[in-house]
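I have placed the structure first, in the form of structure tokens, so that the comments after it can refer back to it.
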Amino acid sequence: MTSNDLDNPATTGAGDTRRTGRASSHGKTILIGEHAVVYGAPALVLPVLDARVVATVTPIEPAAASTGTGTTALGHHLESAVHTGPLDLAPAAVMPTVTAVTATLRHFGSTDQQFHVRVDSEVPTARGMGSSAAVAAAVTAAVADALGETLDVETHHELIQQCERVAHGRPSGLDARGVVADAPVWFEGGRIEPVELGARFTFVVADTGVPGHTREAVAAVRARHDADPAAVDEVVDRIGELARRARGTLVDGDAQALGATMDAAHGLLTALDVSSDDLDRLVDAARSADALGAKLTGGGRGGCVLALASDGEHAERIAAALRGAGAAATWTTTIGDRA
């Protein structure tokens with residue numbers, strides 16, 4: 001699995017700074033492994049290929065960087081749903097995007113070039129779907145493409161991680177890997193490998209409508225670990241075992257067993273105090289609709305839940321139940337043979 005998921009046009013040669021660069025990435029969810037992965041436990045990551053981020057990077061002259069108020073400003077210009085205007089006036093919420101531009105230019109030694117950066121994202125923010133990493137993946141690759149350059153897998157990963165450190169403090173690298181993978185992946189120790197699938201699995205992702213608080217949740221787990229490392233290490237080890245068990249169920253095509261691991265993982269994440277009333281309500285609603293398993297996905301304390309359905313029709317019933325329980329939005333994603 002590499003960053004080749006990004007749709008880069010053919011280059012015109014290294015050093016060409018007068019081309020428009022384009023690249024894309026996508027969202028992700030975590031099947032098993034939230035928080036425990038920070039302490040070295042493995043995790044399973046599901047790409048959400050239909051939730052796309054597209055970045056378009058166009059070279060500009062300094063005077064062409066419109067502020068949107070009838071005046072102009074020097075420097076890069078950003079156009080996105082979060083901020084439109086000069087990059088150096090961007091709010092804290094888009095500082096990871098600013099880092100994506102500046103770090104990539106610094107990597108290639110092209111700090112004098114100025115760009116108009118447009119970001120079109122279908123990945124909701126603060127929902128545990130890897131929005132910041134997906135934007136970073138697309139923007140870094142698009143800036144490189146605008147320079148007539150390409151990023152190898154590991155360089156691309158490190159640039160995304162630089163952005164993720166701005167967004168989340170001490171990222172595991174899981175999001176950075178997941179948003180450029182085109183199939184489910186096993187993540188352990190910063191490395192990824194593809195996961196074999198013995199059947200088709202259909203999941204429903206539901207948004208609580210409440211932003212997740214990844215940095216806060218990670219810090220809270222860290223504080224618990226500092227206070228009682230043995231207790232937290234035990235939970236981490238159990239989550240790691242669930243991840244290994246879940247991988248086996250994917251290989252075997254055993255949806256019932258996979259659902260059981262998801263339910264158990266939610267219980268352990270609740271024990272780490274990273275769930276919430278909103279998440280628990282949607283998990284309960286999914287189970288009431290006979291989901292094979294349901295759990296929070298992502299950093300927690302808001303964000304999304306992930307439910308496993310027996311098939312597409314069942315997924316529709318689960319999604320309806322989740323919306324009836326207050327979900328702001330739902331998505332259905334299928335892995336494995338779609339035929």
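Note: hydrogens, waters and symmetry copies are ignored here, and every other heavy atom, side chains too, is used. Worth saying up front: this structure is predicted, and the values here are computed from it rather than measured.
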> Looking at side-chain heavy atoms only, is the closest gap between Thr202 and His314 below 4.5 Å?
Replying inline: no
> What's the spacing between Leu258 CG and Asp263 CG if we round to 0.5 Å?
Replying inline: 10.0 Å
> Which is it for Val123 and His26 under the side-chain contact (heavy atoms from CB on, under 4.5 Å) test, yes or no, and what are the steps along the way?
Replying inline: CA-CA 7 Å; Val123 182; His26 53 74; 5.8 Å; no
>> In the structure I gave you, are the side-chain heavy atoms of Thr97 and Ser80 within less than 4.5 Å of one another anywhere?
In response: no
> So, Thr99 side chain and Cys163 main chain: donor-acceptor pair closer than 3.5 Å or not?
Replying inline: no
> Which pair of heavy atoms, one from Ala142 and one from Ala23, lies closest together, and at what distance?
Replying inline: N-CB, 3.6 Å
>> Nearest 0.5 angstrom please: Asp207 CG to Leu282 CG, how far?
In response: 8.5 Å
>> As a quick check of understanding, evaluate salt bridge (charged side-chain N to carboxylate O under 4.0 Å, His left out) for Arg177 and Glu193, giving each step before the final call.
In response: CA-CA 10 Å; Arg177 298 295 189 185; Glu193 56 186 80; over 6 Å; no
> Is any side-chain heavy atom of His266 closer than 4.5 Å to a side-chain heavy atom of Leu296?
Replying inline: yes
> Stepwise, does the side-chain contact (heavy atoms from CB on, under 4.5 Å) test hold for Val205 with Leu46?
Replying inline: CA-CA 11 Å; Val205 182; Leu46 305 177; over 6 Å; no
>> Is there a path of hydrophobic side-chain contacts, each under 4.5 Å between heavy atoms, that joins Val210 and Leu322?
In response: no
> Does the side chain of Leu272 come within less than 4.5 Å of Ile239's, by heavy atoms?
Replying inline: yes
> Between Leu159 and Gln162, is a side-chain contact (heavy atoms from CB on, under 4.5 Å) present by the stated rule, with each step listed?
Replying inline: CA-CA 5 Å; Leu159 287 172; Gln162 287 187 43; 3.9 Å; yes
> Would Val139 and Val82 show up in the same hydrophobic cluster when neighbours are defined by side-chain heavy atoms closer than 4.5 Å?
Replying inline: yes
>> Has Thr56 got a side-chain atom pairing as donor or acceptor with Arg22's backbone, closer than 3.5 angstrom?
In response: no
> Counting only N and O atoms by type, is there a donor-acceptor contact under 3.5 Å from the side chain of Glu34 to the main-chain atoms of Gly298?
Replying inline: yes
>> For the backbone of Ala137 and the side chain of His156, can you confirm whether one donor and one acceptor N or O come within less than 3.5 Å of each other?
In response: yes
> Roughly how far apart are Trp331 CH2 and Arg127 CZ, rounded to 0.5 Å?
Replying inline: 7.5 Å
> Looking only at side chains, do His225 and Asp233 share a donor and an acceptor under 3.5 Å apart?
Replying inline: yes
>> Count I, L, V, M, F, W, Y as connected when their side-chain heavy atoms are under 4.5 Å apart, and connections chain through other members. Are Val218 and Val166 then in the same cluster?
In response: no
> Any side-chain heavy-atom pair from Leu44 and Trp186 closer than 4.5 angstrom?
Replying inline: yes
> Is the backbone N or O of Gly128 less than 3.5 Å from a side-chain atom of Lys28, with the two atoms forming a donor-acceptor pair by type?
Replying inline: yes
> Should Val180 and Val54 be regarded as members of a common hydrophobic cluster, given that ILVMFWY residues are connected when their side-chain heavy atoms come within less than 4.5 Å of each other, either directly or indirectly?
Replying inline: no
>> Regarding Arg200 and Thr334, do their side chains bring together a donor and an acceptor under 3.5 Å, going by distance alone?
In response: no
> With side chains defined as the heavy atoms from C-beta onward, is the minimum distance between Leu105 and Phe115 less than 4.5 Å?
Replying inline: yes
> So do the side chains of His76 and Leu78 get within less than 4.5 Å of each other, counting heavy atoms only?
Replying inline: no
> Sub-3.5 Å donor-acceptor pair from the side chain of His35 to the main-chain atoms of Gly299, do we have one?
Replying inline: yes
> Should Arg281 and Asp284 be marked as a salt bridge (charged side-chain N to carboxylate O under 4.0 Å, His left out) after you check the CA-CA gap, both sets of side-chain angles, and the distance that decides it?
Replying inline: CA-CA 5 Å; Arg281 183 178 67 255; Asp284 289 343; over 6 Å; no
> Can you name the one residue among Arg245, Arg238, Arg244 that meets salt bridge (Lys or Arg N to Asp or Glu O under 4.0 Å) with Glu241?
Replying inline: Arg244
> Going through the distances and angles, do Lys295 and Ile32 end up as a side-chain contact (heavy atoms from CB on, under 4.5 Å)?
Replying inline: CA-CA 9 Å; Lys295 60 180 286 293; Ile32 305 283; 4.2 Å; yes
> Arg287 side chain to Ala294 main-chain N or O, any donor-acceptor pair under 3.5 Å?
Replying inline: yes
> With distance as the sole test, does Gln114 use its side chain to make a donor-acceptor pair with the main-chain N or O of Ile60 at under 3.5 Å?
Replying inline: no
>> With heavy-atom distances below 4.5 Å as the criterion, would you say the side chains of Phe108 and Leu151 are in contact?
In response: yes
